[in-house]
Asker: 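This is the structure I want to talk about, given as structure tokens.
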Amino acid sequence: MPHVITQACCGDASCVYACPVNCIHPTPDEPDFGTAEMLYIDPATCVDCGACVTACPVGAIAPGHRLTDEQQRFAQVNAAQYDADLFATDIRFPVDMGKRLPLAPVTAPVPLRAGPQHVAIVGSGPSAMYAADELLRLPTVTVTMYERLSAPYGLARFGVAPDHTATRTVMRLFDDVARHPRLRILLDCEIGRDLTLEELRERHDAVLWAGGAPTDRTLDIPGTDAAGYTCATSVVGWYNDHPDFAGERFDLSGDRTVIIGNGNVALDVARILTADPDDLESTTISRTALAALRESRVGEVLVVARRGPLQAAFTLPELIGLADHRPGTVDIIVDAADLEGVTADPDDVTEREKLALLRELAGREPTAGAPRIRFAFGLAPREILTAGGRVTGVRFARNTIGADGTATPTGGTVDVDAGLVLSSIGYHGVAVPGLPFDERRGIIPNDEGRVMDGDSPVPGVYVTGWIKRGPTGFIGTNKTDSARTIAAWRADVERGVGVPARR
Ligand SMILES: Cc1cc2nc3c(=O)[nH]c(=O)nc-3n(C[C@H](O)[C@H](O)[C@H](O)COP(=O)(O)OP(=O)(O)OC[C@H]3O[C@@H](n4cnc5c(N)ncnc54)[C@H](O)[C@@H]3O)c2cc1C
Ligand code: SF4
Ligand code: SF4
């Protein structure tokens with residue numbers, strides 16, 4: 001049976017370049033790479049050589065015959081992307097690759113014609129680490145990285161959920177980059193507090209800002225100042241030992257927690273709040289959070305979205321991870337009424353599979369006494385309900401969802417009791433003093449990573465990662481993104497355009 005990509009895939013495309021028969025798609029050169037929820041192996045083309053397994057930094061690829069029970073569904077999901085018959089037995093090498101040509105082997109980088117370059121990178125998250133890796137391939141480049149926290153790797157350490165152990169192993173790859181002799185990482189050094197951007201520009205030939213998009217979007221409705229309402233980010237920081245959230249405490253004494261928003265972060269938080277603490281014991285979860293979860297009385301996490309199931313922000317791999325966990329540990333509840341009359345675009349394989357899985361979940365019998373994650377659709381928050389300054393629930397306006405996905409209020413409302421209410425409606429970048437900022441998109445305006453002030457590039461200053469493109473994509477998406485920024489920097493250096501920042 002061919003190899004299969006599973007949930008942990010973070011889209012860095014290393015496997016694409018390792019595969020000798022070009023059977024992993026979309027590749028970074030294909031149009032749907034930026035929007036794909038993971039990469040997929042074509043089972044009809046895979047020759048089971050195993051090269052991709054070695055290349056994958058997070059252990060997301062397994063031979064089909066070695067899939068665990070929880071991973072079985074991914075074989076079907078990979079095959080569905082290619083309309084392939086998973087059980088065909090006549091697949092033999094050499095295979096007919098149709099129009100797909102083998103990809104070019106990775107070549108040694110061409111040295112810089114310009115003289116030695118000393119580049120500053122602000123931040124040490126995935127985009128910074130991939131950028132450093134790319135820069136350090138050039139023998140005349142040295143890099144100094146400035147990180148405000150006392151531990152590196154940004155959201156790979158402080159965002160990725162502790163039970164996503166495979167995904168967190170990407171930090172080993174970053175450890176390898178960090179050991180490079182021409183890279184220096186200065187921790188506990190915040191640009192804007194310990195050093196100014198101007199000082200950085202004076203000391204380096206170029207500055208690459210990779211500071212991420214650290215703030216949550218907030219709900220603008222009455223009641224959000226009450227105790228018991230907060231952003232999901234605080235909970236994520238709390239269970240991941242993020243120093244900014246070390247003092248946080250959450251009231252887990254109520255039976256129900258409501259999470260407003262249904263992206264992957266909402267699913268992470270819902271999973272951790274309903275997990276058996278014994279299952280988390282061996283993970284990197286904060287010991288304070290683990291102790292609080294042992295005392296928790298949360299029986300249900302309600303994950304609520306304004307629009308319908310087809311517009312759900314969670315990805316298919318994350319939904320599969322939730323649906324196929326150990327039976328009896330947590331029930332995933334979907335109301336069949338929310339799926340009535342909903343039809344997926346037949347040409348959109350991911351949408352089709354997602355809807356099919358939601359229908360399967362709607363048909364499942366709940367286990368008596370098990371904690372629940374319940375999905376609700378078509379509900380827009382109107383007010384956080386409070387008593388004595390504490391959250392008691394949420395008032396939602398009911399929406400109907402049009403065929404084009406638009407939500408229209410029906411005029412009806414529904415009140416839901418809750419002891420804790422979390423909003424998880426996306427992240428937003430913050431302005432960097434001295435650099436232009438697009439407030440609406442929460443990004444530093446740029447052209448392929450060159451920071452732009454109107455129509456003019458800001459000499460020697462570049463961006464990458466979430467602060468460049470907004471808070472979208474996976475850890476590995478930052479690899480291609482950073483490579484593009486470094487290509488723009490290199491083109492400028494070679495042409496002597498926009499450099500040096502150093503005076
Ligand atoms: C809760 C959560 C869970 C996620 N889980 C997954 C997952 O399971 N799988 C997956 O593939 N992707 C996941 N992602 C997405 C992934 O984490 C991001 O794509 C990635 O981290 C973005 O990288 P970045 O380098 O742009 O930003 P970040 O990771 O945020 O890194 C930015 C770094 O810059 C530092 N910094 C900021 N300002 C300054 C300053 N002024 N001076 C010095 N340092 C500064 C910050 O401290 C931080 O270390 C998750 C995201 C979130 C929010
Ligand atoms: S096992 Fe080999 S042929 Fe199959 S996807 Fe991986 S690298 Fe490609
Ligand atoms: S994480 Fe990277 S190497 Fe692993 S399967 Fe996904 S794209 Fe391929």
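Along the sequence shown, residues carry numbers from 1. Just so you know, ligand 1 is whichever comes first in the structure, and atom 1 is the first atom listed for that ligand.
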Asker: Side chain or backbone of I24 under 4.0 Å from ligand 3, or both, or neither, by non-hydrogen atoms?
Answerer: neither
Asker: Which of the numbered atoms in ligand 2 are below 4.0 angstrom from a heavy atom of G50?
Answerer: 1 (S), 2 (Fe)
Asker: Got the closest protein heavy atom to atom 6 (Fe) of ligand 2, with its distance?
Answerer: C52 SG, 2.2 Å
Asker: Going by the atom numbers of ligand 2, which of them fall below 4.0 Å from some non-hydrogen atom of C19?
Answerer: 3 (S), 7 (S), 8 (Fe)
Asker: For atom 42 (N) of ligand 1, is the nearest protein heavy atom closer than 4.0 Å?
Answerer: yes
Asker: At less than 4.0 angstrom from any non-hydrogen atom of P20, what atoms of ligand 2 do you find?
Answerer: 7 (S)
Asker: Nearest 0.5 Å please: distance from the OH atom of Y239 over to the CZ atom of F250.
Answerer: 10.5 Å
Asker: Any idea which atoms of ligand 1 are less than 4.0 Å away from a heavy-atom of H164?
Answerer: 8 (O)
Asker: Could you list which atoms of ligand 1 come closer than 4.0 Å to a heavy atom of G465?
Answerer: 26 (O)
Asker: Short list, please: which atoms of ligand 1 are under 4.0 Å from a heavy atom of L149?
Answerer: 47 (O)
Asker: If you count the atoms of ligand 1 from 1 in the order shown, which ones are under 4.0 Å from a heavy atom of Y427?
Answerer: 1 (C), 53 (C)
Asker: Can you name the atoms of ligand 1, numbered from 1 with element, that are less than 4.0 Å from a heavy atom of D268?
Answerer: 3 (C)
Asker: Would A156 count as a polar contact of ligand 1, with the cut-off being nitrogen or oxygen pairs under 3.5 Å?
Answerer: no
Asker: If you scan the protein for heavy atoms around atom 50 (C) of ligand 1, do you find one that is closer than 4.0 Å?
Answerer: no
Asker: Taking non-hydrogen atoms only, is V122 closer than 4.0 angstrom to ligand 1 via side chain, backbone, both or neither?
Answerer: side chain
Asker: Counting from 1, what ligand 2 atoms have a heavy atom of V47 closer than 4.0 Å?
Answerer: 3 (S), 4 (Fe)
Asker: Any atoms of ligand 2 less than 4.0 Å from a non-hydrogen atom of V21? List them with their elements.
Answerer: 3 (S)
Asker: With a cut-off of 4.0 Å, which atoms of ligand 2 are near a heavy atom of C49?
Answerer: 1 (S), 2 (Fe), 3 (S), 7 (S)
Asker: Provide the tally of protein N/O/S atoms nearer than 2.8 Å to atom 2 (Fe) of ligand 3.
Answerer: 1
